[in-house]
Colleague: 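Provided herewith is a single structure, encoded as structure tokens, for subsequent inquiry.
Per chain, numbering begins at 1; letters A, B, ... match sequence-line order.
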Amino acid sequence: MNEIIRVFKAGIYKDNPVFRQILGICSSLAVTNLLLNSLVMGIGLIFVTAFSSFTVSLLRTKTPKHIRMMVQTLIISAYVIILDLFLKAYMPSMSKALGPYVGLIITNCIIMGRAEAFAQKNKPLISFFDGFIMGVGYTAVLLFIAFFRELLGFGSLFGIQILGESWVKWTLMIMPPGAFFMLGIVIWATYGLFPHEDTEKAGVKS
Amino acid sequence: MAKKKQVLYPVLFMVLLTAAYTFILAFINESTIEIIEAQEELRLQKSILYVFDIPFEDDQATVNKLFNEQLEEVNSEEMTYYVYENNGTVDGYAFPLTGNGLWGSISGYIALSPDFETLLGIDFVSHSETPGLGGRIDEEAFKEQFRELDASGNPPVVYRPASGGNVDAITGATLTSNSVSTIVNNFMTNIKIFAEEENLYE
């Protein structure tokens, strides 16, 4: 039980993949101009991280140490392809909106990071949970950024107009620089907001 | 002497794992391939119906039925195009349209009247323009400007306020707007040659 709480806290804020570990930045900049895209991207990442962590952990005692990276990549890519096929078949408009970013989930450092840092040393179920929570932490940050970008840039939330016709749209927010500003603000705000367990430890860069 | 690494086991492990995943993926691919093809077909059909301004309800069966009733697919050597016929008279042709946008290629469909002087409609199937700026070529407000557009001028598409202008460009997306007009204008030149060759003027 304690372990579950610890993993939960780590994924959501203590060790949040985006604003603490600064991982998965590329996709958080790219898809956050609309809330719906961010949500689907987040769910996709939760799926891939959870299942690949689970599988890596399941095979951890059988996997020869020196080929583990190769094995992890294979496992991750398989789940990404499954996700890609699923989106193409059942959510074609989403697949079109996310474009190449679905395939690029494989390069998201969060997944491999969790496989190496957690799944390699822990039991399958808790690894699955860790992957899931890390995905949730990522999704939460994406949605937070997308909320402001979509609201200010399009005047809408989930495609529904909120601010009305008179709202002057902030084009900057929709463009890539808007994502940089938002992400910077998020990292800055959360830096002071959540306690640091070990300030001396250098952060992992992606 | 350095510690000897295992050789056979890792190789065998990797082969087995790869085989297992390949099998799973092949199975999933096989079971979704038909749905994916149907989805892509549906998107194409909707796009063609849209360029001819044929009203349709958004479900697969009706779109399929309408498409098969109203349109005829013609495969020529150069491209596949679609003929819209009503009671034996041709009401228009739809052709695929591709060209370079600002960030990547733009592709879509364009419909023309049988005399090739009027644009009936345009639709973009894929593009990689900036969302919110050039990406607005997807919006109805922009695409609807090409409905029943007289394209007999030279060049056929000119942005207002230039003299003879017939279409409004998108504010803040000058380069994308220019790409679209270049694509359409080039297309109009080429299609007339193509129509001569195919004997579509009659």
Colleague: Determine which residues belonging to residues 10-22 of chain B lie within contact range of chain A, meaning some heavy atom pair is under 4.5 Å apart, and list them by number or answer 'none'.
Modeller: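 The list, in residue order, reads B:P10, B:F13, B:M14, B:L17, B:T18, B:Y21.
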Colleague: Would B:T32 and A:F86 count as a side-chain contact (heavy atoms from CB on, under 4.5 Å) here? Give the steps.
Modeller: CA-CA 8 Å; B:T32 54; A:F86 175 82; over 6 Å; no
Colleague: Could you tell me which portion of A:K62 (side chain, backbone, both or neither) has an atom closer than 4.5 angstrom to a non-hydrogen atom of chain B?
Modeller: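 Looking at A:K62, backbone and side chain both touch chain B.
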Colleague: Can you tell me if B:Y159 has over 12 outside heavy atoms packed within less than 6.0 Å of its OH?
Modeller: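 Atom OH in B:Y159 is packed in, count exceeds 12.
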Colleague: Using every non-hydrogen atom in the two residues, find where B:Q39 and A:A89 come nearest and quote the distance to one decimal.
Modeller: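 The pair with the smallest heavy-atom distance is NE2-O, 3.0 Å.
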Colleague: Got more than 12 heavy atoms from elsewhere within 6.0 Å of OH, B:Y9?
Modeller: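 Yes, the 6.0 Å shell around OH holds more than 12 heavy atoms from other groups.
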Colleague: A quick test of your reading: do over 12 heavy atoms of other residues, nucleotides or ligands sit less than 6.0 Å from CD of B:E30?
Modeller: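 Atom CD in B:E30 is not packed in, count stays at 12 or less.
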Colleague: Do B:L133 and A:M175 touch side chain to side chain, with heavy atoms closer than 4.5 Å?
Modeller: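 With C-beta onward as the side chain, the pair touches.
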Colleague: As an exercise: rank A:L74, A:I81, A:L59, A:L34 by heavy-atom pairs under 4.5 Å with chain B and give me the winner.
Modeller: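 The answer is A:L74.
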Colleague: Between A:S93 and chain B, with a heavy-atom cut-off of 4.5 Å, which part of the residue counts as in contact: side chain, backbone, both or neither?
Modeller: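 Neither part.
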Colleague: Counting heavy atoms not belonging to A:F132, are there more than 12 under 6.0 Å from its CZ?
Modeller: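 No, CZ of A:F132 has 12 or fewer neighbouring heavy atoms, counting only those of other groups under 6.0 Å.
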Colleague: Counting heavy atoms not belonging to A:W188, are there more than 12 under 6.0 Å from its CH2?
Modeller: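 It does not: A:W188 CH2 has 12 such atoms or fewer within range.
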Colleague: Distance from A:D84 atom CG to B:I28 atom CD1, nearest 0.5 Å?
Modeller: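 Result: 12.0 Å between the selected atoms.
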Colleague: Does CZ belonging to A:F181 count more than 12 external heavy atoms closer than 6.0 Å?
Modeller: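 No, not enclosed.
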